[in-house]
Amino acid sequence: MSKVNITINGLALQVDANMTVLEAAQSAGIDIPTFCHDPELTKAGACRMCVVEVAGARNLPAACTTPVAEGMVVETETERVQKARKTILELIWADHPHDCLTCEKTGSCKLQDYSYRYDVKGSPYQGEVREIPFDDTNPFFFRDLNKCILCGKCVRKCHEINGAGAIDFMNRGFGTKVTTAFDDPIEESSCVFCGMCVDICPVGALTPKQGLNQGRPWEVDKVLTTCPYCGSGCTFYLHVRNDKIVGITPNFAGPMKGHLCVKGRFGWDFVDSPDRLQTPLIKKDGEFVEATWDEALELIATKFKEVGAQYGADAIAGLSSARTTNEENYLFQKLLRSLGTNNVDHCARL
Amino acid sequence: MKATHQCHAADPFDYAPVDEILERYQGQKGATIPVLQAIQEVYGYLPRQAMEYAAKQLRIPFSRIYGVATFYAQFHLTPRGENIIRVCQGTACHVRGAAKIVDALKEQLGIEVGETTEDLKFTLESVACIGACGLAPVIMINNDTFGRLTPEKIKEILKNY
Amino acid sequence: MMEAQSYRVRVGLATCGIAAGADKTYDQLVPLLAEHGIVPERTGCLGMCFSEPLVEVITPTGDSYLYGGVTADKAAAIVEQHIVGGKPVEELLALASSAATENDHFMSKQHRVLLEHVGVIDPESIDSYLAFNGYKALIKAVNEMTQQEVIKEVQKSGLRGRGGAGFPTGMKWNFTYQAKGDKKYVVCNADEGDPGAFMDRSILEGNPHALIEGMTIAAYAVGADEGYIYVRAEYPLAIKRLRIAIKEANNHGYLGNKILGTNFNFNLKIKEGAGAFVCGEETALLASIEGLRGIPRPRPPFPATSGLWGKPTLLNNVETYANVPAIFRLGAAEYSKVGTESSKGTKVFALTGKIKKTGLAEVPMGITMREIIYDIGGGIQDDKEFKAVQIGGPSGGCLPAEQLDLSVDYDSLTAAGAMMGSGGLVVMDETTCMVDLAKFFLTFTQSESCGKCTPCREGTKRMLEILERITEGKGQPGDIETLEELGSAIRDSALCGLGQTAPNPVLSTLRYFRHEYEEHINEGKCRAGVCSNLISYFIIKDKCVGCTVCAKNCPVNAISGERKQPHEIDQSICIKCGVCYEKCKFDAIILK
């Protein structure tokens with residue numbers, strides 16, 4: 001990759017020629033605020049929070065869409081830049097509910113963070129405010145479109161990464177809204193509830209139902225784990241508070257870049273389910289009865305021996321699970337072969 | 001790809017015109033808007049079934065085609081009147097009293113801009129600029145343009161419809 | 001009878017003419033002229049909208065008589081008196097080649113290069129275009145010049161984009177030529193959406209082949225084999241005539257495959273817009289052709305390197321392309337003799353608003369605003385006082401009387417806070433309220449905002465709300481400063497050109513008419529008498545004769561009084577519609 005020389009905030013940098021100003025700044029540890037940027041999505045340049053001053057430019061270009069060029073001189077926090085950012089925040093503020101005290105997003109909300117950073121304490125603009133009914137019709141997440149800042153990351157994730165294409169922008173101008181075709185309930189759309197939209201929403205427009213009111217971001221321990229549902233190996237952070245799982249954040253740095261499916265993203269309430277089996281059950285006289293692991297394994301071994309003796313080892317077959325790892329599957333076939341059978345299969349082959 | 005509308009056996013909607021339109025634009029790049037325009041030409045508006053069907057056939061998410069339909073002023077998702085009255089809201093018309101023409105139309109028809117009369121005879125709409133500024137203020141009824149209007153002339157014009 | 005056969009009759013049948021009844025006049029003329037063996041010709045718009053419908057009679061000796069206001073009932077008079085009787089119909093005469101009329105200035109101050117044949121040729125006949133050296137420029141370019149030579153010639157002409165910011169056309173062509181790509185497109189922006197502008201419509205309806213010829217030369221120069229004309233759906237007649245013209249050009253080998261027998265192919269298609277002003281922005285226009293929401297994309301990449309479906313794309317507007325054949329017909333050197341140092345050639349303006357002669361005028365760059373408004377346009381309607389002229393549509397700005405002697409060129413206009421834009425000129429007099437005008441433009445941009453970027457979507461909305469409050473008499477101290485700060489933040493940070501220029505009407509009226517804003521806010525006064533919350537109608541007792549006309553016409557019965565006695569308006573009932581003011585024949589009603 002060819003390199004170019006640029007200066008950001010007086011810092012001379014040599015960066016890849018195909019970088020944007022935002023990427024170049026990030027590579028040098030300079031933080032430029034953004035709402036609508038996501039490294040794996042099409043560059044939108046929509047929120048305009050990342051505008052910077054570039055020597056020789058008439059306006060303030062957006063750092064996220066402006067490519068670097070040889071000799072470019074960039075300033076990221078001049079008075080003019082801060083004024084523009086402040087205006088943008090005040091404009092959003094003018095049409096955004098002010099319920100930060102109880103908003104589930106408090107503590108991980110970009111609007112909150114940037115309002116703090118740029119000393120926005122209110123909005124000088126009074127006027128029409130959107131009044132879109134709160135939507136809690138689907139089982140997994142709340143939609144409060146009055147909080148939506150129309151950054152469009154959810155739309156791009158849905159179309160570009162998931163492919164479900166359940167939501168898009170409707171109408172235009174001040175009436176723009178992110179929703180399904182004909183504003184149908186989410187469940188009646190092509191949504192597969194991967195939850196990626198919830199995870200990248202920078203504000204409180206999309207929040208998960210599970211974990212509601214059960215802990216602020218700073219009150220939870222984040223435990224990195226691998227999803228047990230299938231063999232893909234998606235990793236995510238479990239939010240743990242008082243020994244209970246209260247939420248999930250994807251691991252964007254992991255092998256799956258934070259992409260999850262409905263099961264991994266929302267299907268963890270079984271962990272603390274009272275219906276969950278705690279011990280093996282053995283059927284005695286038509287009824288399942290609790291047993292110890294020793295009893296259960298003893299019974300299985302006995303049955304294998306009996307079947308093998310009576311009908312031959314080929315009467316035994318093993319079906320393994322896609323939820324297990326490669327190593328576990330290897331051990332599984334090893335076990336079956338030690339019993340003398342080659343009848344081994346795997347659910348994912350079906 | 002052809003004539004899959006049979007699967008809508010229980011659906012009384014007439015999909016044949018949509019099939020005909022889709023056939024006409026088959027293989028053309030960027031056909032979404034022309035297809036929607038053609039559908040509206042046939043049905044007078046964009047029926048949901050036709051849009052959903054066209055989205056499927058064009059292999060575009062339903063949400064996307066809906067996003068397109070709600071973006072452009074030309075598209076309508078509900079049935080409209082037999083005659084479409086468009087009042088020009090251009091600068092020249094504004095300066096020459098378009099507001100009074102709108103008031104006269106509203107009074108005559110008893111509806112607001114964007115509405116349709118109960119007998120489905122007229123729909124009143126505003127349009128950014130017809131481009132007949134020299135004759136301001138102007139309105140269009142269907143494809144006919146009427147210029148140099150005064151509120152008094154409105155009554156006369158409407159009589160012919 | 002024999003002499004009569006060599007008379008020619010043309011009827012201006014553009015949208016504006018038809019709206020004034022020219023089609024009915026034409027229908028009336030057909031049988032009347034048939035008796036004399038004459039078939040009336042259809043033509044485009046001569047630009048004299050103020051006297052539509054227009055009928056031109058050309059005598060056997062070549063003299064031209066242009067008749068104005070020829071409604072269907074007057075058609076017979078022209079046939080009987082002029083064509084049969086040989087005597088021009090004086091009272092309908094709008095312009096004559098051999099006699100003086102009051103409209104002489106309208107034409108003589110113009111410099112018609114683009115519009116030379118608009119209103120002369122039949123736009124639905126390629127033969128008519130060919131008769132005036134049509135497609136000669138294309139033949140010259142394709143047969144005698146290399147691609148680089150064509151681009152050089154356009155660069156030498158000094159032509160700049162006629163649609164907005166005035167980017168040098170030759171440079172744009174060169175960028176597209178140099179861009180690497182197996183496929184390139186040439187696209188024409190015919191989405192003339194500026195309220196108050198109809199220059200492009202008149203070219204599309206009056207001389208569509210000039211556009212096609214210009215685009216084909218461009219395609220040859222940049223190496224494109226496919227093109228689109230994006231026309232707004234509000235121009236049905238233009239679309240119809242373009243379709244005919246493209247078909248005929250294809251049949252004659254000026255378009256399609258193996259143009260003029262060479263290996264150069266160029267296939268041209270029409271895309272109809274669907275009603276979104278923002279599609280006049282080039283990246284939004286391309287998104288719309290691709291079948292998406294017409295939403296601007298960040299630039300770079302510019303369309304020249306990555307445009308339609310990611311391919312190098314040349315994008316110019318109608319007027320820009322229509323200039324191209326003239327450049328090659330005249331030669332760049334001759335073409336660029338007209339205009340100023342930095343703005344070459346002519347510009348077509350649509351004159352509208354409170355001006356006597358509304359219409360289209362093509363003028364040399366560098367002419368003054370005063371010449372356009374007073375010499376060509378005949379001054380202000382009803383001889384009222386000129387107040388301002390809005391130039392450049394919703395992205396442009398207002399210029400006051402002090403700027404009437406400003407040279408009309410790209411750079412002077414920008415420096416004065418307006419812009420060339422596509423060329424709409426809306427003239428305003430003392431009865432126009434400048435705050436109301438700014439509100440009008442913001443209403444427009446706000447309802448046409450695509451909604452993608454925060455500053456434009458939210459910012460224009462809040463600016464509009466402040467303006468609404470001011471015009472309702474609810475303005476507060478500080479509103480003007482808020483408008484200025486918000487306006488400059490939007491200009492600085494919006495995504496596309498339309499968003500960045502959206503505050504211009506407010507900022508320019510604030511620059512030149514700040515006192516009107518201050519009067520609204522501080523004194524509760526609208527000097528133009530437009531903002532109804534800030535005005536009241538009163539009856540002057542001495543002047544009122546008690547005719548009762550006002551009381552009869554008042555829609556809310558706010559006026560009372562005995563017949564032949566002075567009347568009175570009940571201010572608590574009055575809705576300030578102004579009907580009484582208009583109806584009073586004795587100037588007894590005043591506005592305060």
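Every value quoted in this text rests on a predicted model; they were computed, and no experiment measured them. Order of the sequence lines sets the chain letters (A, B, ...), proteins ahead of strands, with each chain counted from 1.
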Find the one option among C/Gly424, C/Gly275, C/Gly359 whose heavy-atom pairs under 4.5 Å with chain B are most numerous.
C/Gly275
Please identify, among B/Gly67, B/Ala69, B/Gly147, the residue contributing the most non-hydrogen atom pairs under 4.5 Å to chain C.
B/Gly67
Residue from C/Glu290, C/Glu448, C/Met428, C/Gln381 scoring the most non-hydrogen pairs under 4.5 Å with chain B is C/Gln381
Side chain, backbone, both or neither: which part of C/Cys279 has a heavy atom under 4.5 Å from chain B?
side chain
Strictly under 6.0 Å, is that where the ring centroids of B/Tyr43 and B/Phe13 end up?
yes
By the salt bridge (charged side-chain N to carboxylate O under 4.0 Å, His left out) test, which pairs, at least two apart or in different chains, include something from residues 434-447 of chain C?
C/Asp436-C/Lys439
Specify whether C/Trp309 and C/Tyr185 have parallel, tilted or perpendicular ring planes, treating 30° as the upper limit for parallel and 60° as the lower limit for perpendicular.
tilted
Do B/Glu115 and B/Thr123 have side-chain atoms, one donor and one acceptor, less than 3.5 Å apart?
no
With chain B, the option among C/Gly294, C/Gly21, C/Pro394 that has the most non-hydrogen atom pairs under 4.5 Å is C/Gly294
Under 6.0 Å between the ring centres of B/Phe75 and B/Tyr45?
no
Considering only heavy atoms, which portion of C/Ala20 lies under 4.5 Å from any heavy atom of chain B: side chain, backbone, both, or neither?
both
Using non-hydrogen atoms and a 4.5 Å limit, figure out which bit of C/Asp194 sits close to chain B: side chain, backbone, both or neither.
backbone
Is B/Val127 in contact with chain C via its backbone, its side chain, both, or neither, using a 4.5 Å heavy-atom distance?
side chain
Bottom line for C/Gln390: the part with an atom under 4.5 Å from chain B's heavy atoms is neither
Heavy-atom distances under 4.5 Å only: say whether C/Lys271 touches chain B with side chain, backbone, both or neither.
side chain
C/Arg201 vs C/Glu192, test: salt bridge (Lys or Arg N to Asp or Glu O under 4.0 Å). Steps then yes/no.
CA-CA 8 Å; C/Arg201 178 178 61 73; C/Glu192 185 174 53; 5.7 Å; no
Under a 4.5 Å heavy-atom cut-off, does chain B meet the side chain of C/Ser447, its backbone, both or neither?
neither
If one checks every heavy atom of C/Val530 against chain B at 4.5 Å, the contacting part turns out to be neither
Between chain B and each of C/Ala233, C/Gly193, C/Gly273, C/Pro236, count heavy-atom pairs under 4.5 Å; write down the option with the most.
C/Gly273
Under a 3.5 Å threshold, yes or no: a donor from one side chain and an acceptor from the other, between C/Asn103 and C/Lys357?
yes
Top of C/Ala14, C/Ala274, C/Gly451, C/Gly291 for chain B proximity - count of heavy-atom pairs under 4.5 angstrom
C/Ala274
In a check of salt bridge (Lys or Arg N to Asp or Glu O under 4.0 Å) between C/Glu272 and each of C/Arg232, C/Lys240, C/Arg243, which one passes?
C/Arg243
Centre-to-centre under 6.0 Å for C/Phe277 and C/Phe444, is that the case here?
yes
